[in-house]
Each structure stands twice: as structure tokens, then as C-alpha cells.
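Read the structure below first, then the notes.
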Amino acid sequence: MRGSEASAQVNTGAGMTAGTAGRRAHAWDDDGFDDRVPFLARIEKNDRVALLATGRPLRYRPRSVIMHQDEPSTHVVLLLHGWTKVTAIAANGYEALLALRGPGDIIGEGAALSGRHRAATVTALEPVEAVAIDQSRFTAFLAGSPQVSLQLLGLATDRQRSTDRRRLEWAALTVRERLAVLLLELMRTHGSRTDEGVELTIGLSQQEFAGSVGSSREAVARLLKDLRAKQVVVTRRRRIVVLRPDVLRRIIGEGSA
């Protein structure tokens with residue numbers, strides 16, 4: 001994809017983030033967090049075009065794996081279109097959803113810079129267009145572009161700050177409250193209004209929901225069953241429609257809509 005096309009998409013995404021900043025109170029609810037600004041939107045247009053030109057375009061089908069946990073690092077990927085999920089599996093088999101990455105985001109940079117194996121698996125949730133840059137070319141570009149390097153460092157710092165704050169506030173919530181928070185988050189970032197309600201446009205399994213809220217799949221299944229019975233949500237295979245977001249807000253103590 002041409003650099004101008006990537007720039008247009010990234011700028012659109014950044015504008016959506018900025019437009020809703022400053023009206024949230026919680027770590028899980030703060031659209032103003034700097035980590036929400038993707039990497040490509042942080043760097044100057046000339047740098048963005050030059051960086052994309054060092055790579056090769058790639059396309060991924062939904063559910064295809066872009067990067068595998070524990071594999072050697074050979075490249076980084078810049079996402080142009082489409083969303084991905086980042087997951088990791090612990091030694092005991094517990095799978096956690098770590099993040100969702102979309103247009104303008106960079107993935108695989110940690111392993112590329114450290115020389116270590118991948119820390120997580122990245123999977124396409126929908127058709128994805130991206131640019132892959134070989135590790136050696138990527139590090140050489142950073143060596144010659146101090147401003148881009150600083151922006152990448154800033155992104156890493158912002159992501160860590162967000163994770164730390166989220167972990168602190170997450171610890172005070174029950175699993176039921178965490179699930180309500182997650183559903184509200186996904187409504188805001190990946191929700192599409194339908195005749196039924198707000199449908200989540202990304203397909204996550206119960207195991208992935210469980211990993212995200214730090215619980216078991218069985219516990220999440222029970223909670224979703226309870227929400228279905230109360231007509232708060234409708235669930236189908238990898239599909240959830242939220243009917244009553246006001247109930248979810250009451251669960252986490254924010255009051256009705």
C-alpha cells in the first residue's frame with residue numbers, strides 16, 4: 001500500500017481517539033490514554049512513508065496467525081487495515097488475551113529489538129493488510145532516525161503505563177465486574193449498532209474472554225449465561241450482542257445510562 005493511503009487511514013483512527021478523550025474516569029475506560037495513539041500516527045509523514053517503503057506488503061485472512069509465540073524474531077509488522085488479537089499461553093496452558101491491535105499499530109518490535117523469541121501470538125480477527133519489515137532493515141532505520149526511535153520508546157512507555165494502571169484497578173474488581181468492563185470496552189471500540197443492540201464486531205472465544213478477565217472459561221460461561229437469562233446480552237458462537245449496556249454499567253457501579 002502507498003504511504004499516502006496508510007497515512008489517511010492512520011490519521012482517521014487517531015482522530016476518532018482524540019474526539020472522545022477527556023471524559024472517562026477509569027484506567028479501563030480512558031480514551032485519552034496515549035497508548036491508544038498508534039505508532040504510525042506518532043511519526044512524521046516523511047518518516048512514515050520512508051519506513052513503509054523498506055518493507056513488503058502482506059495480506060492475512062481472518063483467523064490466520066501473523067506471529068507465533070516463542071518463535072524467533074525475523075521481522076516486525078505494521079498494520080494498515082484490519083484488527084488483530086494478541087494472546088499468550090502460560091506453561092499451565094492458560095491463555096490470556098493481552099491486547100487488540102489495529103490500523104497504525106506496530107507488532108513484533110519488542111522481540112526485534114531485544115533479539116529474543118516472540119512473547120505472544122498475534123492472530124488476524126478480520127482481513128488484514130500490513131507491511132512486514134525485516135529485523136535488520138528495521139533496526140537500521142531506527143539507528144538513522146532518532147525521532148522515530150524516540151516515538152517508539154514513547155509508545156512502549158505508554159503501553160506499560162496503561163498496563164500497570166489497569167492491573168492496579170483490575171485487582172479491586174470481581175470477575176463479574178471485569179467482564180462487564182470488558183464488554184463495555186469492546187462495545188465502544190468494536191461495536192456496531194444493529195436492530196438487536198450493539199454487536200461486537202470481533203469474534204472472541206469464551207477462553208479468550210476468560211484470559212482477559214483473569215478467570216476460568218467455566219466461570220465466564222456461567223456469567224454470560226446469567227447475562228443472557230437477564231436479557232442483557234445475546235450470545236452465539238464467537239458473537240455477542242449487548243442489549244442492555246445500562247445494566248453492565250450498574251454492575252461496575254457507574255449508574256444507569
Side-chain angles (χ1 to χ4, degrees), residues 1-14 17 35-89 95 97-160 190 201-203 208:
M1 176 167 292
R2 295 186 299 272
S4 59
E5 293 173 341
S7 174
Q9 167 129 2
V10 171
N11 288 339
T12 299
T17 300
D35 70 298
R36 296 290 182 94
V37 180
F39 176 61
L40 289 179
R42 293 170 179 248
I43 63 179
E44 296 295 331
K45 179 179 179 180
N46 291 342
D47 290 328
R48 182 162 59 241
V49 172
L51 179 60
L52 291 171
T54 66
R56 61 190 185 280
L58 293 175
R59 294 176 182 266
Y60 299 92
R61 291 176 295 180
R63 314 306 297 182
S64 60
V65 176
I66 298 173
M67 294 178 178
H68 290 271
Q69 182 177 347
D70 294 328
E71 72 179 359
S73 172
T74 61
H75 61 281
V76 301
V77 172
L78 297 169
L79 301 173
L80 302 182
H81 294 278
W83 283 86
T84 68
K85 64 178 180 179
V86 182
T87 59
I89 300 178
E95 183 178 18
L97 174 66
L98 303 181
L100 299 173
R101 301 291 181 217
D105 275 322
I106 183 171
I107 54 177
E109 77 283 358
L113 294 175
S114 68
R116 298 178 180 176
H117 287 193
R118 307 275 190 209
T121 294
V122 182
T123 306
L125 291 170
E126 57 189 4
V128 167
E129 295 180 17
V131 169
I133 304 175
D134 291 339
Q135 181 176 0
S136 59
R137 289 191 173 189
F138 181 67
T139 54
F141 186 92
L142 293 180
S145 307
Q147 289 302 316
V148 176
S149 299
L150 286 175
Q151 291 298 337
L152 185 60
L153 177 60
L155 174 64
T157 302
D158 290 339
R159 285 179 176 177
Q160 187 60 54
H190 296 83
T201 58
I202 57 171
E208 289 162 346

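You'll find the side chain of Leu100 reaches within 4.5 Å of the side chain of Leu125, heavy atoms only. Two residues are said to be in side-chain contact when any heavy atoms from C-beta on lie closer than 4.5 Å; Val122 and Val77 fail this criterion. The closest side-chain heavy-atom distance from Phe39 to Ile107 is not below 4.5 Å.
Checking each of Val131, Ile106, Val76, Ile43 against Leu51 for a side chain to side chain contact (heavy atoms under 4.5 Å, CB included) leaves exactly one that passes, namely Ile43. Of the residues listed (Asp47, Asp105, Leu80), the one engaging Leu40 in a side chain to side chain contact (heavy atoms under 4.5 Å, CB included) is Leu80, and it is the only one.
For Val128 against Trp83, the heavy-atom pair with the smallest separation is CG2-O, 3.8 Å. When all heavy atoms are compared, the tightest approach of Arg116 to Ser73 is O-CB, 3.8 Å. Nearest approach of Ala120 to Val86, heavy atoms of both residues: CB-CG1, 3.6 Å. Ile202 and His190 get closest at one heavy-atom pair: CG2-CD2, 3.6 Å. Closest approach of Leu98 to Ala88, counting heavy atoms only: CD1-CB, 3.8 Å. Taking all atoms of both residues into account, the shortest heavy-atom contact from Arg42 to Gly154 is NH1-C, 3.8 Å.
Distance OG1/Thr121 to CD1/Ile89: 6.0 Å, rounded to 0.5 Å. With rounding to the nearest 0.5 Å, the separation of CD in Gln151 from CZ in Arg48 is 11.0 Å.
Scanning for side-chain contact (heavy atoms from CB on, under 4.5 Å) contacts around Glu71 gives Met67, His68, Arg118, with sequence neighbours left out. Remark: Arg56 engages Asp134 in a salt bridge (Lys or Arg N to Asp or Glu O under 4.0 Å) (not counting sequence neighbours).
Of the charged side-chain nitrogens involved, none lies within less than 4.0 Å of a carboxylate oxygen, so that Arg101 and Glu109 do not count as a salt-bridged pair.
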With a cut-off of 3.5 Å and sequence neighbours excluded, list every side-chain donor-acceptor pair involving residues 137-146.
unit_1, atom_1, unit_2, atom_2, d
Arg137, NH1, Thr54, O, 3.1
Thr139, OG1, Gln135, O, 3.1
Thr139, OG1, Ser136, O, 3.1
Ser145, OG, Phe141, O, 3.1

